[in-house]
Amino acid sequence: MSDSNIREYNPAEIEPKWQKFWLENKTFKVEKDETKPKFYALDMFPYPSGSGLHVGHPEGYTASDIICRYKRMKGFNVLHPMGWDAFGLPAEQFAIQTNTHPAIKTEENVNNFRRQIQSLGFSYDWDREINTTDPKYYKWTQWIFKQLYNKGLAYIDEVNVNWCAKLGTVLANEEVINGRSERGNHPVEKKPMRQWMFKITEYAEQLLEGLEDLDWPEGIKEMQRNWIGKSIGAEVDFVVDGHDEKVRVYTTRPDTLFGATYMVLAPEHSLVLKITTDEKRAEVEEYVSAAKFKSDLDRAESKEKTGVHTGAYAINPVNGEKIPVWISDYVLVSYGTGAIMAVPAHDTRDFEFAETFGIDIKCIIEPNTAEAKAGDIDVASVLAGKACWTGNGQLINSANDDGLELNGLEVKDSKKAATEWLAARTLGEEKVNYKLRDWIFSRQRYWGEPFPIAHMEDGTIKVLDDEELPVTLPEMEDFKPYETGESALARAEDWLEYTCPKTGMKGRRETNTMPQWAGSCWYYLRYIDACNDEEAFGKEIENYWMPVDLYIGGAEHAVLHLLYSRFWHKVLFDLGIVSTPEPFQKLFNQGMILGISYKDQRGFLVANDLVDEKDGKYFHKETGEELEQLPAKMSKALKNVVNPDDIVNEFGADSLRLYEMFMGSLEATKPWDTKGVEGVNRFLRKAWNFVIDADGNIRDCIKPDVELSKESRRVLHQTIKKVGNDIEEFGFNTAISQMMIFLNEFAKVKEIPKSAVEDFVKLLSSFAPHIGEELWQKLGNTDTVAYAAWPEYNEDFLKLDEVEILVQLLGKPVTKIVVAANAGPKDLEAIALADEKVKSKIEGKTVRKVIAVPGRLVNIVAN
RNA sequence: GCCUGGAUGGCGGAAUUGGCAGACGCAACGGACUUAAAAUCCGUUGUCCUUUAGGACGUGUGGGUUCAAGUCCCACUCCAGGUACCA
């Protein structure tokens, strides 16, 4: 292929050419370089699914690629890697169905993803490509597990897991939606199983505090805070009447102790059977066993309060009152102490329960009248115990003979007073609780990282030595899990057998594997030193690259992935293995791209292949019913998925990249419109024709030694400034607009300095790198444009000599005046008041005030 | 229910953070070129009234602050995402 043949803009020709060039020349290979500032830009690596890339992937990748290309041209040493999060359930399901090793399908998918990603011209350093299923990678995942284990953060526990009989597998919480499996919508039940757990709860406070200094979207930080769910309250002991037993409850409202009219234990609470009276025993046992078999689905479907009185009574420590002890499944055994004091007057759940079972409701807070009115609550009803009040107010009926006097206090003051009183009498103490639970870190699957663990004959658990890593997956043919839920590994007899190389003791390997989170918890560290066979990553080089300066990905990972990897990172930090307390300094979430869809009169979505268009209206092919067009999530079922390959084939990768950035702001959810791709494609053709004539040569009007008019020069410098600033602020859509404005302006220019054309090509190359490189080369440059210096702008050239100023009378436009750009408020006022139009308008009126804003407007207040 | 976003022409979206709403693009309409079409180029395009000139209205709804509000404050409606008996 000879370059001189390229006359018209032809992405099909130039794009593969430059992709090949970048790969062969390792243009984006990067090494540690102390002479340059470093910039680590990370994309959330994809799960290489069988259906390939969808248009949502390249959105975030394009944004980070533009920033990387910009940063390189600005002199930064840029680390920009890509890899594959390739363990996962779909590959295993496929393996089970076809009896082929999941690695085969995985490799196929990875190759397809790599091809697709490379066809979009991203500037990744491919020498750092990683794959979580590669033993060279998961050796170090296992090694990091060891670090956590040795720090005492991993343990085995018998816990209830989500068992899906239909899929024959255990599902992660995130794979269960409303009690049904995300894949296939099958029922899911709770089943106790032996699991590996991580004590992430030990890091709850650190994970919460660490959020403070991160440059993350506030919404994401808030979601993490909610997930961690810190609350400050008190634990209080209630003596059970006629027993030695005390029941400890957790409450965030110690101020409402005087309003406690009953108590509730979770059905699983250890004291339930001890305190139950004989006449209630049968009833209680029945409720407890029913609760055990109640699935999440049942719980999710029914919000009706149920429960049984145990027959026992507890003594309220503040007033000695006997209150009944109930059991109910609205109290969770896993949160707090698994028992609560119930204050129906001031807790909506307790109120519902008390109403259902006719338990006393005793008001002890007189609602703040303004708040009650705003919330549409009748104060009299609250005082009478007929309504529930959870807001602010003054305490009433809350005093005892033992020095506790809360009456008249506001809620926030009374909490402290009550807690102090309890603590002084050792009846309770202040207590902090977190919603965050320990992390179930094992899956009963084949296709995951094996644990570096063996269960020895003598009953001990052995962590394998570093020399024994990696523990690789055995070759198998049947990947179905056991009926018991144990993974297929339990069938790999040779593999299961373990002999300690030092002592010769025999053991059985762990048959659980790690969840998909494992590989993605630390991949950003491996990229730093991806080919290191000696360590997970070198300490010095980690110190150079970390933290990640920019992490771009979808908001669906807002909580789990980001929380889990922050947890691992904090552990590694405490162990001195990494140098920063947080992994991701800045986070940006790209929005979702929706497809075009149609809904009928009833509001049901209709698949796109059933829709006919006629005169701009849409009709159902079968029923003829008129349909309404609307954006909806892309899905195979609706047949509205846009495949990037098709867009690349029709318009080229540069057009796809540009369109995805031009659609709207990066974080917004926005609908795909292929017509819009035509628009940016037109822009790229204009950009080509701006530089290249019909014969494929540089246009004659581009000369090395001509000068621009002041106005054209201003537009050039304005464009340089705006594109750079917009990239820094993720305003890619407006940066593209500005480049369009530049071309519109320069279409009229008769003689163009070559330097101006080169400046434009450099700006464009960060967004549309293929056309950028091609034009750069055509302009006679021999080096890649990827490392050319980003153009500078001159603030002086941006200034206008004269500006148009709007003159308003009482905020309504009257006229426009042209004044010197540097005219001050006094000048503006004088010129405006001297204007004929203004004069006639204010004639006979008194000028009360004149507001003059230089460069903007003059507003005359006259009446 | 709670938390977090959001609502601007026929459509996607701009708006220097309080200063001419609708940049840029799409679509539509008119014109040029063409045997014709496509492509390309030029022009028009928020709505309504009006012959023009011009005028009125206009950023989800209702109120407020201000010389000036898409932008700030109060109340509400709707949409999207997250979460759900966490005491």
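Letters A, B, ... mirror the listed sequences (proteins, then strands); counts begin at 1.
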Any [X] side-chain N or O less than 4.0 Å from OP1/OP2 of [N]:
X	N	result
R225(A)	C3(B)	no
R856(A)	A68(B)	no
N589(A)	U4(B)	no

What's the [atom1]-[atom2] distance between [X] and [N], to the nearest Å?
X	N	atom1	atom2	value
N226(A)	G81(B)	CG	C1'	13 Å
E667(A)	A14(B)	CD	P	9 Å
F683(A)	A39(B)	CZ	P	20 Å
M739(A)	A14(B)	CE	P	16 Å

Picking from [options], which would you name as closest to the side chain of [X]?
X	options	value
V853(A)	U40(B), A15(B), G19(B)	G19(B)
M740(A)	C24(B), A87(B), U40(B)	C24(B)
F662(A)	U16(B), C67(B), G25(B)	G25(B)

Legend entry - Inter-nucleotide P distance (A23(B), A68(B)), Å rounded: 26 Å

Legend entry - Interatomic distance at P, U8(B) relative to G62(B), whole Å: 16 Å

Are [X] and [Y] within salt-bridge range, i.e. N to O under 4.0 Å?
X	Y	result
K670(A)	E59(A)	yes
K826(A)	E829(A)	no
K721(A)	E795(A)	yes
E218(A)	R225(A)	yes

Inset, instruction - Pick base, sugar-phosphate or nothing for S231(A), based on heavy-atom distances below 4.0 Å to the nucleic acid. - result: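 Contact class for S231(A): sugar-phosphate only.
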
Inset, instruction - Apply salt bridge (Lys or Arg N to Asp or Glu O under 4.0 Å) to the pair E429(A) and R248(A), showing each step before the final yes or no. - result: CA-CA 11 Å; E429(A) 60 192 338; R248(A) 179 159 269 234; 2.9 Å; yes

Legend entry - G30(B): syn or anti, per glycosidic angle within 90° of 0: anti

Inset, instruction - Assign U16(B) to syn or anti; the rule is syn for a glycosidic angle within 90° of 0 and anti otherwise. - result: anti

